[in-house]
Protein chains: 2
Amino acid sequence: MDDVSGEGPSGSLPRAVALLRALATSGGEGMRLTNAAATAGVTPASAHRLLRMLIDEGLVEQDVRNKHYRLGIELFSLAARAGSPGNLRDVCRPALLRLSAALGDTAFLLVRSGYDAVCLDRCEGPVPIRSFTGDIGGKVILGVGQGSMAILAHLPEAEREEVIRFNLPRLLNFGPFDEVFFRKGIEQVRESGYAARGSGLLPGMAGVAVPILDREGRPLAAISIGTTVERLNAERMPTVVQVLRREADALAAKINPFDAALRRPGQHAVSY
Amino acid sequence: MDDVSGEGPSGSLPRAVALLRALATSGGEGMRLTNAAATAGVTPASAHRLLRMLIDEGLVEQDVRNKHYRLGIELFSLAARAGSPGNLRDVCRPALLRLSAALGDTAFLLVRSGYDAVCLDRCEGPVPIRSFTGDIGGKVILGVGQGSMAILAHLPEAEREEVIRFNLPRLLNFGPFDEVFFRKGIEQVRESGYAARGSGLLPGMAGVAVPILDREGRPLAAISIGTTVERLNAERMPTVVQVLRREADALAAKINPFDAALRRPGQHAVSY
DNA sequence: CATGTATTTGCGTATATTGGAATATGGCAT
DNA sequence: ATGCCATATTCCAATATACGCAAATACATG
């Protein structure tokens, strides 16, 4: 799954990260040494040494009684300051709070990360819901779920195609996925400017999402609302879309104020 | 500040982590190579190579226009599944939601991490507030703030003393701190079982916190409420404390159901 | 356009890292 | 309680790797 095995010392850092990734798959339970070593593609001896280093750094914790290794709180604390340019989360939080309060549903902030989208923030409403991204930090394949779809649909064509090609195989795990239907959905989202779906893969759940675009039209993130199908009826839909779009526009304006001037011609936005 | 300089290759992993820590201090802005190298105590050349590795792993991102390095979203996503035993955050979230909804204030979940406390989760109320821990993942010195104080005060004496000795110098940065006054406060919290303070270091802010204790009386975490001094008047205080304590007791029961039986005699709880 | 700083690459050396075997620890069934 | 098995941990020599230094390039600034 996350194998770094390739003969000879290939550097300790990739191995350590592979171990961290392995531990991440185990949830809060933790993993035994052998298991982690196998998952990461490292010999048990190396795994032991590396994990010890990681424990010294506070990035990994070990349960004394059953020796299970698990990701440490230091890692959590370290990563809290990670994120997209300019503290996107801090900037967007007020908007999420307003959305959650005004609509009475759960609001999400998603950003792209490679071929996935990650939930950067989440503001819960009174109605408990299920979502693909799950908790903050949760990942979902680009194209699954409204927020994720909103980002994918607004990517530049070349990038979009690459993501679609890469993700189509992965999407098969989510059930009977039809490529033409999928592409049609993407087109519809890009034309309408928002992604809405009810009674999709998560039964009883529904959601709406709009992208936050920069000046060049690239999607920086997406804000979305998750709720139940009953609450998101045809009557309420236009209002919700409008509220979301208004917030998204305000956020877009707040995020890139003068950057058209700062940016050199021909040079495209940011890194990833 | 976070120096690993000690002649010769002392392992690439500590250096890489030192760089991550350095980048974490820069917020969303990011850091230049030289600056990060200096902060981490690494030569610029090493910093460059290490950061490149970290970028390959997705743990670091680089802004193309100004070359600023910053922590990557992969790190965020990786750390999302980190945390204390048994998905403490997931277990406690409903309680936080109830607290926030019932009291109309912001609820926090804090856990200990070395000589600090980390905000593991946070559920915002309608009233905007300022807190020491800041956002999720934020750190605060053990003893500063109500939740942090609630944990410190309920540590076993030996541990408590060690933390106090280590933290007293650090506390001087927070203004005129009197050791005897500080210790008196700790005693008071342990006797009463909750930490409450208004008009403390954050003007206009007030809060209450209670610890979540395991069967041996060790503090696993703390839940707290942050609000304004006006909202937390003498009249409301007993109610708030009671609500908090009730949730904390329920959580404690949910977290360690049979562990008294599982635990070998004389062996103390968990790792850190 | 010139100057200074910051970033990136090359290279020899020494060290940290590695895999495998040996040992210690702990769990489990008898 | 005792023995056995699986897992975790330590030891060790070979070697590839990461280090620092120094040169070269890109960048920003005056």
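Atoms considered below: every heavy atom in the structure, side chains included; atoms not considered: hydrogens, waters and symmetry mates. Chain letters run A, B, ... following the sequence lines, proteins first and then strands; every chain starts at 1.
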Q: Taking only side-chain nitrogens and oxygens of A:S12, does any of them come within less than 4.0 Å of OP1 or OP2 of D:dA18?
A: no

Q: Here's a test for you: under side-chain contact (heavy atoms from CB on, under 4.5 Å), which of A:D116, A:I151, A:L155, A:I141 qualifies with A:V163?
A: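 Single side-chain contact (heavy atoms from CB on, under 4.5 Å) partner of A:V163 among A:D116, A:I151, A:L155, A:I141: A:L155.
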
Q: Under a 3.5 Å distance rule, please check whether A:S148 uses its side chain to pair with a backbone N or O of A:G143 as donor and acceptor.
A: yes

Q: Is the phosphate of C:dG19 approached by A:R15 (side-chain N or O, under 4.0 Å from OP1 or OP2)?
A: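 So the side chain of A:R15 is within the cut-off, an N or O lying under 4.0 Å from OP1 or OP2 of C:dG19.
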
Q: I'd like to know whether A:R190 forms a salt bridge (charged side-chain N to carboxylate O under 4.0 Å, His left out) with A:E157, so could you lay out the CA-CA distance, the side-chain angles of the two residues, the decisive distance to 0.1 Å, and finally the verdict.
A: CA-CA 11 Å; A:R190 194 170 66 249; A:E157 181 162 356; over 6 Å; no

Q: In whole angstrom, give the distance that lies between atom CG of B:D63 and atom C1' of C:dT7.
A: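 To the nearest whole Å, that distance equals 16 Å.
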
Q: Toward the 5' end of DNA chain D, which comes first, B:M53 or B:A45, by nearest nucleotide?
A: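 Between the two, 5'-proximity favours B:M53.
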
Q: Run the numbers on B:N167 and B:R170 for side-chain hydrogen bond (donor to acceptor under 3.5 Å, both in side chains), then give the verdict.
A: CA-CA 5 Å; B:N167 276 349; B:R170 303 204 291 164; 2.9 Å; yes

Q: Does B:K254 pair with B:E247 as a salt bridge, N-O distance under 4.0 Å?
A: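 Salt bridge flag = no for B:E247 with B:K254.
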
Q: Classify the side chain of B:R49 versus the base of D:dG20 as yes if they form a donor-acceptor pair under 3.5 Å and no if they do not.
A: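 It does, because a donor-acceptor pair links the side chain of B:R49 to the base of D:dG20 below 3.5 Å.
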
Q: Verify the contact: side-chain N or O of B:R52 to OP1 or OP2 of C:dT8, cut-off strictly under 4.0 Å; return yes or no.
A: no

Q: Inspect the contact between B:D135 and A:R93 and indicate whether a charged nitrogen and a carboxylate oxygen are less than 4.0 angstrom apart.
A: yes

Q: Let me know the distance between CG of B:N66 and P of D:dT29, rounded to the nearest Å.
A: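 After rounding, the gap between these two atoms is 12 Å.
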
Q: Taking CG from B:L13 and P from D:dT17, how many angstroms apart are they, rounded to a whole number?
A: 16 Å

Q: What does the list of N/O pairs under 3.5 Å between the protein and nucleotides 5-8 of chain D look like, with a distance for each?
A:
unit_1: D:dA8; atom_1: OP1; unit_2: A:R32; atom_2: NE; d: 3.4
unit_1: D:dA8; atom_1: OP1; unit_2: A:L33; atom_2: N; d: 3.0
unit_1: D:dA8; atom_1: OP2; unit_2: A:T34; atom_2: N; d: 2.9
unit_1: D:dA8; atom_1: OP2; unit_2: A:T34; atom_2: OG1; d: 2.0

